[in-house]
S.K.: 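This structure is in structure tokens; I'll ask about it shortly.
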Amino acid sequence: MSVLVLIEHGEGALKDASLSTITAATQLGEVHALVAGDGAEAQQAAEAAAKVQGVAKVLIASDPAYAQMLAENVAPVLVSLMGNYDALLCNATSEGKNIAPRVAALLDVMQVSDVLSIEGTDTFTRPIYAGNAVATVQSSDAKKVLTVRGTAFAKAAAEGGNAPVETVSATGDAGLSSFVGRETSKSERPELTSARVVVSGGRALGSSEQFHALIDPLADKLHAAVGASRAAVDAGYAPNDYQVGQTGKIVAPEVYVAVGISGAIQHLAGMKDSKIIVAINKDEDAPIFQVADLGLVGDLFQIVPEITEKL
Ligand code: FAD
């Protein structure tokens, strides 16, 4: 089976999620990686992709139209290549989830989303009901289009490979959308979806000031990324891109610290695969304790500063 992986990259470096998607792709067949981008950054990313173990060939499509990875521009180049491939794998990230459905629609096939495991060349598992059940799905489509959940697959080794890099024809600007602007938050902290430790705060923090006064110093001590429940985000205590859960980010760090978070199923859907879950909550019956490995029952306004100080 021949498999194409769409590489996600930024500033010339590969995103960790793509390394996981490459691992998933190697379970299906020979892996070629497409880097779409503009100029030197795309070239740099292609060179990085060529070193990833498991990648047999890197294709590079360079055009200013791919600089912002607009789905309307990137989907046509993928479709133009899919004649040579049996499957396309994208990350189940905002970028992959934006592009893959467009490719599936243009190929007139059914996308399989959020793949957790590869059971065979046409059979995959994926979460349903906010992760409360895992469905095994079989696709009879001639070409498979999958989005892959990064936390479900180990990252492929970023060094050690030596794949050839081949230039493919760019399809240019489809003229269907244009880039207006991007607002990104810059942080010294590790990225939420790939951090080894995540400290998340919930509604109980009560205000943005208290959220940052309590959660940030604890996260700094633990070299952790900061996350939040949707209630905390909706209340404006934390920015949108902090949200962990069904409609936020999926994380599976080594340690997840949930501070003043009740443990609603929609929140658990985003973090329950974390290796060690620590919960701090004043309600001993809070559902978060059902998934927690370590639980502290008490007032977070006392416990969190105490832990931070001790660390
Ligand atoms: P609450 O449920 O209000 O819990 C606050 C907790 O803090 C309580 O357990 C309380 O005991 C504890 N507490 C209060 N004061 C203190 C104190 N002083 N010290 C210690 N503990 C204290 N939610 C997400 O998080 N992510 C999602 O992606 C998401 N997607 C959703 C999608 C849909 C379609 C829907 C319907 C809901 C979604 N939700 C999501 C919302 C979810 O159902 C919950 O409402 C939300 O997770 C609750 O956030 P919370 O735990 O911070 O708040």
Side-chain angles (χ1 to χ4, degrees), residues 17 91-94 96-98 113-114 116 126-135 147 149-152 185 191-195 197-219 222 224-253 255-274 277-310:
N91 305 330
T93 53
S94 305
K97 288 193 278 190
N98 195 21
S113 305
D114 232 356
L116 297 174
R126 58 176 305 266
I128 54 171
Y129 303 123
N132 277 319
V134 174
T147 60
R149 185 178 282 196
T151 53
S185 47
E191 208 264 316
L192 186 53
T193 51
S194 55
V197 182
V198 173
V199 179
S200 283
R203 197 200 309 265
L205 271 306
S207 69
S208 171
E209 291 71 32
Q210 294 186 148
F211 187 100
H212 293 293
L214 273 89
I215 301 295
D216 291 0
L218 178 58
L222 295 170
V226 176
S229 71
R230 178 161 156 181
V233 169
D234 286 350
Y237 307 165
N240 274 311
D241 61 350
Y242 279 27
Q243 188 178 317
V244 171
Q246 185 188 340
T247 43
K249 290 185 174 149
I250 309 288
V251 301
V255 181
Y256 186 88
V257 186
V259 180
I261 291 178
S262 59
I265 54 163
Q266 295 90 352
H267 188 79
L268 301 185
M271 45 62 75
K272 67 178 166 41
D273 292 330
S274 306
I277 297 172
V278 182
I280 301 170
N281 198 302
K282 69 176 183 187
D283 174 8
E284 63 180 47
D285 294 324
I288 191 77
F289 288 126
Q290 288 168 17
V291 297
D293 300 284
L294 295 168
L296 280 169
V297 179
D299 185 353
L300 70 90
F301 293 100
Q302 276 175 5
I303 294 173
V304 173
E306 209 178 309
I307 297 178
T308 308
E309 200 200 304
K310 288 196 169 135

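Sequential numbering from 1 along the given sequence is applied to the chain's residues. Atoms within a ligand are numbered from 1 in the order they appear, just like the ligands themselves. Small disclaimer: the values here were computed from a predicted structure and weren't measured.
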S.K.: So which heavy atom in the protein is nearest atom 50 (P) of ligand 1, and how far is it from that ligand atom?
M.R.: S229 OG, 3.5 Å
S.K.: Going by the atom numbers of ligand 1, which of them fall below 4.0 Å from some non-hydrogen atom of V244?
M.R.: 24 (C), 25 (O), 26 (N), 27 (C), 28 (O)
S.K.: Which option, G248, P287, A204, owns the non-hydrogen atom nearest atom 16 (C) of ligand 1?
M.R.: A204
S.K.: For ligand 1, which atoms sit closer than 4.0 Å to a heavy atom of Q246?
M.R.: 27 (C), 28 (O)
S.K.: To which of I303, V297, L300 does the heavy atom nearest atom 19 (N) of ligand 1 belong?
M.R.: L300
S.K.: Do the charged groups of D299 and K282 touch, with an N to O distance under 4.0 Å?
M.R.: no
S.K.: In terms of residue, atom name and distance, what is the protein heavy atom nearest to atom 4 (O) of ligand 1?
M.R.: S262 CB, 3.3 Å
S.K.: Show the nearest heavy-atom pair for residues Q210 and G206, with the distance to one decimal.
M.R.: NE2-CA, 4.0 Å
S.K.: Could you name the option among H267, Q302, R203, K282 that has the heavy atom nearest to atom 20 (C) of ligand 1?
M.R.: K282
S.K.: Just need the protein heavy atom nearest to atom 6 (C) of ligand 1, so name the residue and atom and give the distance.
M.R.: G260 O, 3.5 Å
S.K.: Of all heavy-atom pairs between P253 and A195, which one has the smallest distance, and what is that distance?
M.R.: CB-O, 3.3 Å
S.K.: So for ligand 1, is A264 a polar contact partner (N or O within less than 3.5 Å, distance only)?
M.R.: no
S.K.: Looking at side-chain heavy atoms only, is the closest gap between L218 and I307 below 4.5 Å?
M.R.: yes
S.K.: So which heavy atom in the protein is nearest atom 32 (C) of ligand 1, and how far is it from that ligand atom?
M.R.: R230 NH1, 3.2 Å
S.K.: Quick test: of every protein heavy atom, which one is nearest to atom 30 (N) of ligand 1, and how far off is it to 0.1 Å?
M.R.: T247 OG1, 2.6 Å
S.K.: Give me the nearest non-hydrogen protein atom to atom 8 (C) of ligand 1 as residue plus atom name, then the distance to 0.1 Å.
M.R.: N281 ND2, 3.7 Å
S.K.: Which heavy-atom pair separates V291 from I277 by the least distance, and what is that distance?
M.R.: O-CD1, 3.7 Å
S.K.: Measure the distance from atom 18 (N) of ligand 1 to every protein heavy atom, then report the residue, atom name and distance (to 0.1 Å) of the closest one.
M.R.: D299 OD1, 2.9 Å
S.K.: Atom 48 (C) of ligand 1: which protein heavy atom is closest, and how many Å away?
M.R.: A231 CB, 3.8 Å
S.K.: If I compare all heavy atoms of P305 with all of L300, which pair ends up nearest, and what's the gap?
M.R.: CD-O, 3.6 Å
S.K.: Is there a heavy atom in G298 that sits closer than 4.0 Å to ligand 1?
M.R.: yes
S.K.: Looking only at N/O atoms, are G202 and ligand 1 under 3.5 Å apart anywhere?
M.R.: no
S.K.: Classify the ring geometry between Y242 and H212 as parallel (under 30°), tilted (30 to 60°) or perpendicular (over 60°).
M.R.: perpendicular
S.K.: Looking at L116 and A152, what are the two nearest heavy atoms and their distance?
M.R.: O-CB, 3.4 Å
S.K.: Would F301 count as a polar contact of ligand 1, with the cut-off being nitrogen or oxygen pairs under 3.5 Å?
M.R.: no
S.K.: Pick, from Q210, Q243, Q266, the option with the minimum heavy-atom distance to atom 43 (O) of ligand 1.
M.R.: Q266
S.K.: Which atom pair, heavy atoms only, marks the closest approach of A219 to V199?
M.R.: CA-CG2, 4.0 Å
S.K.: Main chain of A258, side chain of S200: is a donor-acceptor contact present, judged purely on distance under 3.5 Å?
M.R.: no
S.K.: So, the side chain of D216 versus the backbone of F211: is there a donor-acceptor pair under 3.5 Å, distance only?
M.R.: no
